[in-house]
Structures are given as structure tokens and as C-alpha cells.
Asks: 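The following block contains the structure, expressed as C-alpha cells.
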Amino acid sequence: RPSRRCFHVWYCLSIVPLLAVRYRCYKRQKWHYFFLDQCYWVHSALIVGSVVRFDDAAFLQTLFAVSNGPVLLAIFMWKNSLALHDFDKATSTFLHLMPGAVTWCWRWFGHERAAALWGAPSSPRLVITAPDGRGGPQGGSWPPDVWGLFCRPLACYCVWQLVYFVKTEVLDKEIIAADPELMTCQRWISTRSSWLKHPYVEWCGRCLVLPYVRGRGKGARGEGAVSGALVWSEARDSRWAGVVYTAGNFVYESVTLLIALPLYQSYHLHTFALTAGAAYTVWNAGTWYTDRFPAMLAAAAEAHKSKAG
């Protein structure tokens with residue numbers, strides 16, 4: 001359908017003003033280092049792919065894998081919610097969901113040039129081969145192109161991670177350390193109490209940070225007595241903090257890229273993954289409105305009553 005084939009046009013018209021407004025807000029809050037995160041690079045690549053590189057098969061494969069692996073699953077990692085009253089929450093949901101939606105349209109309903117590159121069948125509900133221009137519909141083709149959908153995207157991730165590490169841990173390390181209000185993704189995860197209780201962050205703390213803490217003679221009285229929050233607080237300002245964060249990122253990237261492989265092969269699985277991600281954001285928003293919002297109103301009413309009294 002034309003609407004699906006032109007979805008990337010609407011996306012470009014929407015994402016540019018959203019990013020402009022968010023950067024202005026984040027700059028004021030000293031959160032602008034978040035714009036170095038991977039999802040923003042993915043959106044830049046999506047805009048480029050929509051405008052000038054739409055016919056490059058390797059580019060499309062890499063973009064599909066990253067968009068539907070680490071970026072899409074970040075919805076669950078960051079617990080995004082489609083709370084429409086909150087511009088920041090709604091924008092974060094858009095940033096993590098839209099790359100998967102755009103590549104879904106390209107993968108299964110792309111225009112003629114994209115169809116040749118993807119090897120798209122006449123029926124989008126067929127499982128198809130890798131986009132070599134010769135595959136065509138292949139009911140149940142497996143395994144997928146591991147090089148194009150895993151190795152190449154992982155190599156691109158390593159390049160991004162190297163740039164990020166050099167920027168935050170070498171070039172701007174003293175600037176970030178001197179200003180505790182400057183927020184990076186690493187500092188956010190290691191300082192927010194809600195994030196320190198996240199299962200994956202707990203695992204990274206125990207498996208990656210704990211050996212370092214014990215090596216310094218701290219918290220060595222048994223693993224059960226050492227919480228993820230404690231080990232992260234011990235290593236937060238150490239020279240190993242950036243290395244630990246990078247290692248945790250690499251594990252997350254590798255696992256989520258593997259999850260993207262079956263999504264590339266199946267229309268149904270890809271559609272289900274996007275629907276699940278969108279439903280999760282709606283559920284989180286509904287939970288916020290029914291649980292947290294009334295409590296906030298009650299607290300505000302109590303504060304107003306005590307002030308008036």
C-alpha cells in the first residue's frame with residue numbers, strides 16, 4: 001500500500017522537529033551527552049537511508065538488525081511508556097519504536113527498488129532469503145545471512161562504542177567528572193536507584209563490577225551480601241567504570257542482534273515483536289496513570305493543605 005511504502009517520509013517529517021526540541025531541552029538540563037547514544041545514530045542512518053542510500057542492500061540489512069534488535073528491545077530495557085502528557089516519555093517511546101516500524105515497512109512493503117534488494121516475495125507473509133536480489137520467496141529458508149544481520153551490525157556497533165568511549169572516557173572525561181549535573185547514559189544507570197534494581201544492571205554489577213571490587217579488597221565477605229547498587233557505587237568513579245559499562249553494552253548488543261535474526265525471516269514474528277513493543281509502552285502508560293498519578297495528586301493536595309494551614 002502507498003501509505004506503507006511512504007511511511008519513511010512521514011517519519012522524517014516527524015523525527016527532525018522532535019530531535020530538535022529534545023536537544024534544546026536536554027542541553028538546558030545538561031543531558032545532551034545522551035545524543036551520543038546508539039539510537040540517535042540509528043535515526044541519523046534512517047534519515048540518510050530514506051533520502052540518499054535507500055538502494056544499498058548491506059546498509060539496509062545492517063539498519064534492520066540494529067533497529068529491530070538493540071533499539072527495539074530498549075523499549076523493555078528502559079521501560080518506555082506512551083504517556084502522552086509527558087513529552088520526554090513519549091519521545092523516548094517514538095525513538096525506540098519507530099526504527100523498527102520504518103524497517104518493517106521497508107522489509108515487507110518497500111518500493112520496487114527495495115523489493116529487489118530485500119528479495120521480497122509477492123506475498124509479504126512468506127519467509128524469504130537474504131537480500132541478494134536472487135533469492136525470491138523461499139518458504140522456510142534458514143539460516144539467515146549471519147554476516148549481514150549479525151557480524152556486520154556488531155562491527156558497526158564496535159565502531160560506535162569506540163567513538164563513544166573515546167569521547168566520554170578520554171576527550172571529555174575531566175569535563176564530565178567536574179560537573180556532576182552532566183548526565184551520560186553510564187552515569188544515569190549507575191546513579192538512579194530504580195536502575196540499580198534492574199535485573200540486567202544487577203547482573204552486570206555482580207559479573208563485571210564485583211570482581212573489580214573484590215580485587216580492591218572491598219565487599220569480599222560473600223557474594224550474597226553484596227548488592228548490585230553497592231558494587232556499582234564502588235566502581236562508579238573508578239577508571240574501570242567505563243570498561244564495565246562498555247562490556248555490559250557489548251553483551252546486550254550481541255544478544256539482541258541474535259534476536260533480530262528470526263524477525264528478518266518472518267513477517268509474523270516481526271509484526272508480533274513490534275506489536276508487543278507498542279503494547280508494552282501503552283501498558284506502562286496505563287499503569288502510570290492508574291497507580292502513580294493518583295498518588296502524586298494526593299501528595300500535592302497534602303502539600304497544599306499543609307502550606308495553607
Asks: Using the test side chain to side chain donor-acceptor pair (under 3.5 Å), find all partners of Asp86 that sit at least two apart in sequence or belong to another chain.
Replies: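 In terms of side chain to side chain donor-acceptor pair (under 3.5 Å), with neighbours along the sequence ignored, Asp86 is linked to no residue.
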Asks: We want to know whether Glu253 and Gln38 form a side-chain donor-acceptor pair, criterion being a heavy-atom distance below 3.5 angstrom.
Replies: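 Checked: Glu253/Gln38 side chains pair up, N/O donor to acceptor below 3.5 Å.
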Asks: Under the rule for ring-ring contact (aromatic ring centres under 6.0 Å, His included), what residues qualify as partners of Phe35, not counting sequence neighbours?
Replies: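 Testing Phe35 for ring-ring contact (aromatic ring centres under 6.0 Å, His included), a comparison that skips the adjacent residues, returns Tyr23, Tyr40.
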Asks: So do Thr103 and Leu60 actually touch side chain to side chain, heavy atoms under 4.5 Å?
Replies: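 The answer is no; the side chains never approach within 4.5 Å.
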Asks: Taking the side chain as C-beta and beyond, is there a heavy-atom pair between Arg22 and Leu95 under 4.5 Å?
Replies: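 They are in contact (side-chain heavy atoms under 4.5 Å apart), so the answer is yes.
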Asks: According to a 4.5 Å side-chain heavy-atom criterion applied to Ile, Leu, Val, Met, Phe, Trp and Tyr, with indirect links allowed, do Leu97 and Phe272 form part of one hydrophobic cluster?
Replies: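 No; Phe272 is not reachable from Leu97 via cluster members.
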Asks: Using side chain to side chain donor-acceptor pair (under 3.5 Å), reason through His270 and Trp108 one step at a time and then give a plain yes or no.
Replies: CA-CA 10 Å; His270 193 189; Trp108 308 107; 3.0 Å; yes
Asks: Quick one: do Asn249 and Tyr157 satisfy side-chain contact (heavy atoms from CB on, under 4.5 Å)? Show the steps, please.
Replies: CA-CA 10 Å; Asn249 260 354; Tyr157 158 79; 3.1 Å; yes
Asks: Got a second to check how far Tyr252's OH is from Thr256's OG1, nearest 0.5 Å?
Replies: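 Answer rounded to 0.5 Å: 5.0 Å.
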Asks: Is Asn284 close to Asn80 at the side-chain level, that is, under 4.5 Å between some pair of heavy atoms?
Replies: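 No. Closest side-chain heavy atoms not under 4.5 Å.
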Asks: Atom CG of Leu18 and atom OG1 of Thr91: how far apart are they, to the nearest 0.5 Å?
Replies: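 Separation between the atoms: 5.0 Å.
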Asks: Nearest 0.5 angstrom please: Thr281 OG1 to Lys89 NZ, how far?
Replies: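 Taking OG1 in Thr281 and NZ in Lys89, the distance rounds to 12.0 Å.
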Asks: Does any N or O in the side chain of Trp147 come within less than 3.5 Å of the main-chain N or O of Arg152, such that one atom is a donor and the other an acceptor?
Replies: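 No: the side chain of Trp147 does not pair with the backbone of Arg152.
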Asks: Ser14: which residues meet the side-chain contact (heavy atoms from CB on, under 4.5 Å) condition with it, sequence neighbours left out?
Replies: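 With neighbours one apart ignored, the set is Trp10, Phe94.
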Asks: Taking the side chain as every heavy atom from C-beta outward, state whether Val42 and Trp160 have any atom pair closer than 4.5 Å.
Replies: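 They are not in side-chain contact.
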Asks: Please name all residues satisfying salt bridge (Lys or Arg N to Asp or Glu O under 4.0 Å) with Glu302, sequence neighbours left out, ordered by chain then number.
Replies: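 So Glu302 forms no salt bridge (Lys or Arg N to Asp or Glu O under 4.0 Å) with any residue.
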Asks: Between CZ of Arg107 and OG1 of Thr271, what distance do you get to the nearest 0.5 Å?
Replies: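 The OG1 atom of Thr271 is 11.5 Å from CZ of Arg107, to the nearest 0.5 Å.
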Asks: Report yes or no: does Thr93 contribute a side-chain atom to a donor-acceptor pair with the main-chain N or O of Ser81 at less than 3.5 Å?
Replies: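 A pair under 3.5 Å: yes.
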Asks: Compare all side-chain heavy atoms of Asn68 with those of Tyr264 and state whether any distance is below 4.5 angstrom.
Replies: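 The answer is no, as the side chains (C-beta and beyond) never meet within the 4.5 Å cut-off.
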Asks: For Gln29, enumerate each residue passing the side-chain contact (heavy atoms from CB on, under 4.5 Å) test, keeping only those at least two apart in sequence or located in another chain.
Replies: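 With sequence neighbours excluded, Gln29 shows a side-chain contact (heavy atoms from CB on, under 4.5 Å) to Cys25, Tyr26, Trp31, given in chain and number order.
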Asks: Is there a path from Phe34 to Val166 through hydrophobic residues (I, L, V, M, F, W, Y) whose side chains come within less than 4.5 Å of each other?
Replies: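 Looking at the clustering, Val166 is in a separate group from Phe34.
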Asks: For residues Leu72 and Pro99, determine if any side-chain heavy atom of one lies less than 4.5 Å from a side-chain heavy atom of the other.
Replies: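 Counting from C-beta outward, Leu72 and Pro99 never come under 4.5 Å.
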Asks: What's the separation between atom CG in Leu263 and atom CZ in Phe64, rounded to the nearest 0.5 Å?
Replies: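 Taking CG in Leu263 and CZ in Phe64, the distance rounds to 6.0 Å.
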Asks: Name all residues meeting the side chain to side chain donor-acceptor pair (under 3.5 Å) criterion together with Lys27; count only those two or more places apart in sequence or in a different chain, and write none if there are none.
Replies: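 With sequence neighbours excluded, Lys27 shows a side chain to side chain donor-acceptor pair (under 3.5 Å) to no residue whatsoever.
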Asks: Can you name the nearest heavy-atom pair linking Ala65 to Pro70, along with the distance?
Replies: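 Shortest heavy-atom contact: O-CD, 3.8 Å.
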Asks: Identify, with sequence neighbours excluded, every residue that meets side chain to side chain donor-acceptor pair (under 3.5 Å) alongside Tyr33.
Replies: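 Partners of Tyr33 under the side chain to side chain donor-acceptor pair (under 3.5 Å) test: Asp172.
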Asks: Test of understanding: with salt bridge (Lys or Arg N to Asp or Glu O under 4.0 Å), list the residues that count as partners of Asp37, not counting sequence neighbours.
Replies: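 Residues passing salt bridge (Lys or Arg N to Asp or Glu O under 4.0 Å) with Asp37: none at all.
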Asks: Under 4.5 Å between side-chain heavy atoms, hopping through other hydrophobics if needed: is there a path connecting Trp41 to Phe250?
Replies: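 Cluster IDs for Trp41 and Phe250 match.
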Asks: Between Leu149 and Val146, is there a shared hydrophobic cluster once you connect ILVMFWY residues whose side-chain heavy atoms come closer than 4.5 Å?
Replies: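 Yes, because Leu149 and Val146 connect within a single hydrophobic cluster, where side-chain heavy atoms sit under 4.5 Å apart.
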Asks: Hey, quick one: are Leu171 and Ile176 part of the same hydrophobic cluster, counting side-chain heavy atoms closer than 4.5 Å, chains of contacts allowed?
Replies: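 No; tracing contacts between hydrophobic side chains, which count when under 4.5 Å, never links both residues.
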Asks: Using every non-hydrogen atom in the two residues, find where Trp78 and Cys185 come nearest and quote the distance to one decimal.
Replies: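 So the minimum-distance heavy-atom pair works out to CZ2-SG, 3.5 Å.
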Asks: Taking side-chain contact (heavy atoms from CB on, under 4.5 Å) as the test, write out the residues that go with Ala155, two or more places apart.
Replies: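 Ala155: no side-chain contact (heavy atoms from CB on, under 4.5 Å) contacts found.
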Asks: With no hydrogens and no angle check, is any side-chain donor or acceptor of Trp104 less than 3.5 Å from a backbone partner on Met98?
Replies: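 Between the backbone of Met98 and the side chain of Trp104 there is no qualifying donor-acceptor contact (under 3.5 Å).
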Asks: I need the Ile75 CD1 to His96 NE2 distance, nearest 0.5 Å.
Replies: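 That separation rounds to 7.5 Å.
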Asks: Can you list everything that forms a ring-ring contact (aromatic ring centres under 6.0 Å, His included) with Tyr280? Sequence neighbours excluded, please.
Replies: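 If we apply the ring-ring contact (aromatic ring centres under 6.0 Å, His included) test to Tyr280, skipping adjacent residues, the hits are Phe76.
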Asks: Can you list everything that forms a side chain to side chain donor-acceptor pair (under 3.5 Å) with Tyr11? Sequence neighbours excluded, please.
Replies: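 Only His43 meet the side chain to side chain donor-acceptor pair (under 3.5 Å) criterion with Tyr11.
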Asks: Can you find a heavy atom in the side chain of Leu258 that is under 4.5 Å from one in the side chain of Leu261?
Replies: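 Yes - at least one pair of side-chain heavy atoms lies under 4.5 Å apart.
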Asks: Rest of the hydrophobic cluster containing Leu82 (Ile/Leu/Val/Met/Phe/Trp/Tyr, side-chain heavy atoms under 4.5 Å)?
Replies: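 Traced through the cluster, Leu82 reaches Leu84, Val282.
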Asks: Does any part of the side chain of Trp106, heavy atoms only, come nearer than 4.5 Å to the side chain of Leu63, both counted from C-beta?
Replies: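 In contact.
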